[in-house]
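Just below is one structure, and these are the notes that go with it.
Values below: all heavy atoms of this structure, side chains included; hydrogens, waters and symmetry mates excluded.
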Amino acid sequence: MKTESDALEGYAIDFLSELAQSLGFNYTLHIVKDGKYGAKDQEGNWNGMVGEIIRKEADLAIAPLTITTVRENAISFTKPFMQTGIGVLLKKDTAAEGSYLFGFLSPFSKELWIGIIISYVITSLCLFLVGRLSPCEWTEPATEQNQFTLLNSLWYGVGAFTLQGAEPQPKALSARIIAVIWWVFSITLLAAYIGSFASYINSNTNHTPNIQTVEDLLKQDKLEFGTLINSSTLNFFKNSKNPTFQMIYEYMDKRKDRVLVKSFSEGVQRVRESNYAFLGESISQEFVVAKHCDLVRAPEVIGGRGYGIAAELDSPLIRPLTIAILELFESGRLEYLRQKWWENTCSTQDQTGWVPVQPHTLGGIFLILGIGLALGLVVSFIELVCKSRSNADQQKKSCCSSFAEEIAQRFGKAQNQEGLEKKSPTSNSCDEAKA
């Protein structure tokens, strides 16, 4: 980049300065005359930086110059000083997820929805069990109908989400513990859903397609997409055997007069000013995204490759430069330069987009629900034990025998139906406690 005084600055300039200090050489800089990286024409002549190296108009080329097979046959490269790939540069509002039929499910992640459904089923089963175990909830199994059937338990769980309640209302302490915990769980979920859904609506006011991968470009018709003319990116798609990449090349080749650009800066400008997606080197795109807050790069990166310093074929400069690059890697200097020049100037608010609520965010309420369900089951078991002891004292039976009878009546047919019919009514331990 040029400063106000027409001096050059940037990552490559600092990188070259580090190499010069390490190897002890002097240098002069000039910008490539035709503004191109280097491609071979139909007559076999090279343009751009590669052409200047071959014609010995320059000793080295230091730039985001991709190492490719065709270039490697014409010039020599050092080991890569930076790894890159092919990414998709977009305007932020075109990268946002578009509305769809089941968008109302988006506020929660899939994992959280699964957790909610499992919690609902387990809570309904616990309420069903407590409704049968607790003598305060089901006093006389032989003559009284249990109000907390499985369907009623499932219905009660749904009623909590509507904030209207549902019949039947629990009477036992154990059932009320489970009901209260489930209501707290439901209200917390509703509050989280409303807040997340509001953020989702605000972040999704447009109807542009969701571009997450290169393949997504082919699934939409709202954005044109292209790349640099005669670039390594274009050649990658041209030579690829992948059917998707071949379709992308065919799209660009048929519309080459409209979608191919002459320079990287022109591609960035088109993205910012029109419905256009720019395919190019991901590392260069990240640099642009760090400086322009209205741009974003799609998550997927394909075609991994590297940037290298170019010199003439079999140049003696390559080996010492490669060693110096490795030393800069090991000392952390290259990482420092990367952080210096790729520092994001956008505000935190601009960087932070909407994301669905994840399970770990609401992990505490799931833990509280689990503790409440366990407590409700324990209390219902204690209530049944107290009832069994009371019956055992009145009927002169062992406590275990009386407890087994209660379990049999509540979860199956009574072992001795005649005995149950002749059995005199017993006092309810819950009523005794009230008395």
Margin query: Any salt bridge linking Arg255 with Glu224? Criterion: basic side-chain nitrogen under 4.0 Å from a carboxylate oxygen.
Written below: no
Next item on the list: Give a yes or no on whether the backbone of Ile283 and the side-chain of Trp342 come within a donor-acceptor separation of less than 3.5 Å.
Entry: yes
Notebook entry, point to check: Between CZ of Phe197 and CG of Leu190, what distance do you get to the nearest 0.5 Å?
Noted result: 13.5 Å
Notebook entry, point to check: What do you reckon, is NZ of Lys262 surrounded by more than 12 foreign heavy atoms closer than 6.0 Å?
Noted result: no
Notebook entry, point to check: Are any non-hydrogen side-chain atoms of Thr322 and Ile309 less than 4.5 angstrom apart?
Noted result: no
Note to self: Tell me if a side-chain donor or acceptor on Glu312 pairs with a main-chain N or O of Ala58 at a distance below 3.5 Å.
What the structure shows: no
Next item on the list: Quick one: closest heavy-atom pair of Leu127 and Ala175, and the distance?
Entry: CD1-O, 4.1 Å
Check: Counting distance only, does the side-chain N/O of Asp14 pair as donor-acceptor with the main-chain N or O of Tyr11 below 3.5 Å?
Finding: no
Item checked: Expected output: side-chain Arg71 to main-chain Thr66 donor-acceptor under 3.5 Å -> yes
Checklist line | Phe245 ring center within less than 6.0 Å of Phe237 ring center | finding: yes
Notebook entry, point to check: Does any non-hydrogen side-chain atom of Ile116 lie less than 4.5 Å from one of Leu189?
Noted result: yes
Check: Can you find a side-chain donor-acceptor pair between Thr84 and Ser282 that sits under 3.5 Å?
Finding: yes
Margin query: Can you see whether Phe77 has Lys79 sitting over its ring - NZ or CZ less than 6.0 Å from the centre and within 45° of the normal?
Written below: no
Notebook entry, point to check: When rounded to the nearest 0.5 angstrom, what is the spacing between CG in Leu218 and CE in Met247?
Noted result: 5.0 Å
Check: Is there side-chain contact between Pro359 and Glu111, with heavy atoms separated by less than 4.5 Å?
Finding: yes
Checklist line | Contact check, side chains of Leu16 and Leu29, non-hydrogen atoms, under 4.5 Å | finding: yes
Next item on the list: Kindly give the heavy-atom pair with the smallest separation between Gln212 and Pro299, and that separation in Å.
Entry: OE1-CG, 3.1 Å
Margin query: Checking side-chain polar atoms at under 3.5 Å, does Glu250 have a donor or acceptor matched by the opposite partner on Gln246?
Written below: no
Check: Any sub-3.5 Å donor-acceptor pair from Ser76's side-chain atoms to Asp314's backbone N or O?
Finding: yes
Next item on the list: State whether the side chain of Ser196 and the backbone N or O of Ala192 hold a donor-acceptor pair below 3.5 Å, judged by distance alone.
Entry: no
Margin query: For Trp341 together with Phe15, are the ring centres under 6.0 Å from each other?
Written below: no
Next item on the list: Check whether any side-chain heavy atom of Asn275 sits under 4.5 Å from a side-chain heavy atom of Lys222, and report yes or no.
Entry: no
Next item on the list: Give a yes or no answer on whether the side chain of Ser315 reaches the backbone of Ala311 with a donor-acceptor pair at less than 3.5 Å.
Entry: no
Check: Atom CD1 in Ile53, atom CG in Leu313: separation rounded to 0.5 Å?
Finding: 11.5 Å
Checklist line | Neighbour count above 12 (heavy atom, 6.0 Å) for Arg389 CZ | finding: no
Check: Are Tyr251 and Phe225 an aromatic pair by the rule of ring centers under 6.0 Å?
Finding: yes
Next item on the list: Answer yes or no: are there more than 12 heavy-atom neighbours, outside Phe381 itself, under 6.0 Å from its atom CZ?
Entry: no
Check: How far does CG of Leu321 sit from CG of Leu326, to the nearest 0.5 angstrom?
Finding: 11.0 Å
Notebook entry, point to check: Under 3.5 Å, is there a donor-acceptor pair between the side chain of Glu330 and the main chain of Glu327?
Noted result: no
Next item on the list: Could you tell me whether the side chains of His30 and Glu52 share a donor-acceptor contact shorter than 3.5 Å?
Entry: yes
Check: Can any side-chain N or O of Lys91 pair as donor or acceptor with the backbone N or O of Ser274 at less than 3.5 Å?
Finding: no
Note to self: Does Leu228 form a side-chain contact (heavy atoms from CB on, under 4.5 Å) with Leu279? I'd like the steps, not just the answer.
What the structure shows: CA-CA 8 Å; Leu228 275 172; Leu279 292 161; over 6 Å; no
Margin query: For Tyr336, I'd like to know if atom OH has over 12 heavy atoms of other residues, nucleotides or ligands within 6.0 Å.
Written below: no
Next item on the list: Give a yes or no answer on whether the side chain of Asn146 reaches the backbone of Thr149 with a donor-acceptor pair at less than 3.5 Å.
Entry: no
Next item on the list: Examine Phe108 together with Tyr193 and report whether their ring centres are nearer than 6.0 Å.
Entry: yes
Margin query: The test is salt bridge (charged side-chain N to carboxylate O under 4.0 Å, His left out); show your working for Glu286 and Lys291 and say whether it passes.
Written below: CA-CA 9 Å; Glu286 289 176 9; Lys291 305 304 177 186; over 6 Å; no
Check: What residue among Tyr37, Phe287, Phe278 forms ring pair (Phe, Tyr, Trp, His ring centres under 6.0 Å) with Phe264?
Finding: Phe278
Next item on the list: Determine whether Leu223 and Gln220 make a side-chain contact, defined as any pair of heavy atoms from C-beta on separated by less than 4.5 Å.
Entry: yes
Item checked: Side-chain heavy atoms of Phe148 within contact of Ser124, under 4.5 Å -> no
Note to self: More than 12 heavy atoms of other residues, nucleotides or ligands under 6.0 Å from CG of Asn152: yes or no?
What the structure shows: yes
Check: Does the side chain of Thr188 reach to within under 4.5 Å of the side chain of Ile368, using non-hydrogen atoms?
Finding: no
Notebook entry, point to check: After noting the C-alpha distance and the side-chain angles of Leu129 and Arg132, does the key distance pass the side-chain contact (heavy atoms from CB on, under 4.5 Å) rule?
Noted result: CA-CA 5 Å; Leu129 290 174; Arg132 285 184 169 270; 5.9 Å; no
Check: Can you name the closest pair of heavy atoms from Ala277 and Val88 and give their distance?
Finding: CB-CG1, 3.9 Å
Item checked: Phe403 versus Leu384, closest heavy-atom pair with distance -> CE1-CD2, 3.8 Å
Margin query: Would Arg305 pass as a cation-pi partner of Phe236, given that its NZ or CZ must be under 6.0 Å from the six-membered ring centre and within 45 degrees of the axis?
Written below: yes
Checklist line | Spatial distance of atom CD (Gln269) from atom OG (Ser263) [nearest 0.5 Å] | finding: 8.5 Å
Next item on the list: Decide side-chain contact (heavy atoms from CB on, under 4.5 Å) for Glu215 and Thr244; before the verdict, give the C-alpha distance in whole Å, the side-chain angles of both, and the deciding distance to 0.1 Å.
Entry: CA-CA 7 Å; Glu215 186 177 0; Thr244 300; 4.0 Å; yes
Margin query: On a heavy-atom basis, which atom in Ala324 and which in Leu19 lie closest, and how many Å separate them?
Written below: CB-CD2, 3.7 Å
Check: Just by distance, with hydrogens left out, do Gln147 and Gln169 show a side-chain donor and acceptor under 3.5 Å apart?
Finding: no
Note to self: Apply side-chain contact (heavy atoms from CB on, under 4.5 Å) to residues Ile177 and Val379 and explain how you reach the verdict.
What the structure shows: CA-CA 9 Å; Ile177 289 175; Val379 171; 4.0 Å; yes
Checklist line | is_close_aromatic(Phe81, Phe329), centroid dist under 6.0 Å | finding: no
Notebook entry, point to check: If every non-hydrogen atom of Ala20 is compared with every non-hydrogen atom of Tyr27, which pair is closest and at what distance?
Noted result: CB-CE2, 3.6 Å
Check: Rounded to the nearest 0.5 Å, how far apart are CG of Asp294 and NZ of Lys92?
Finding: 8.0 Å
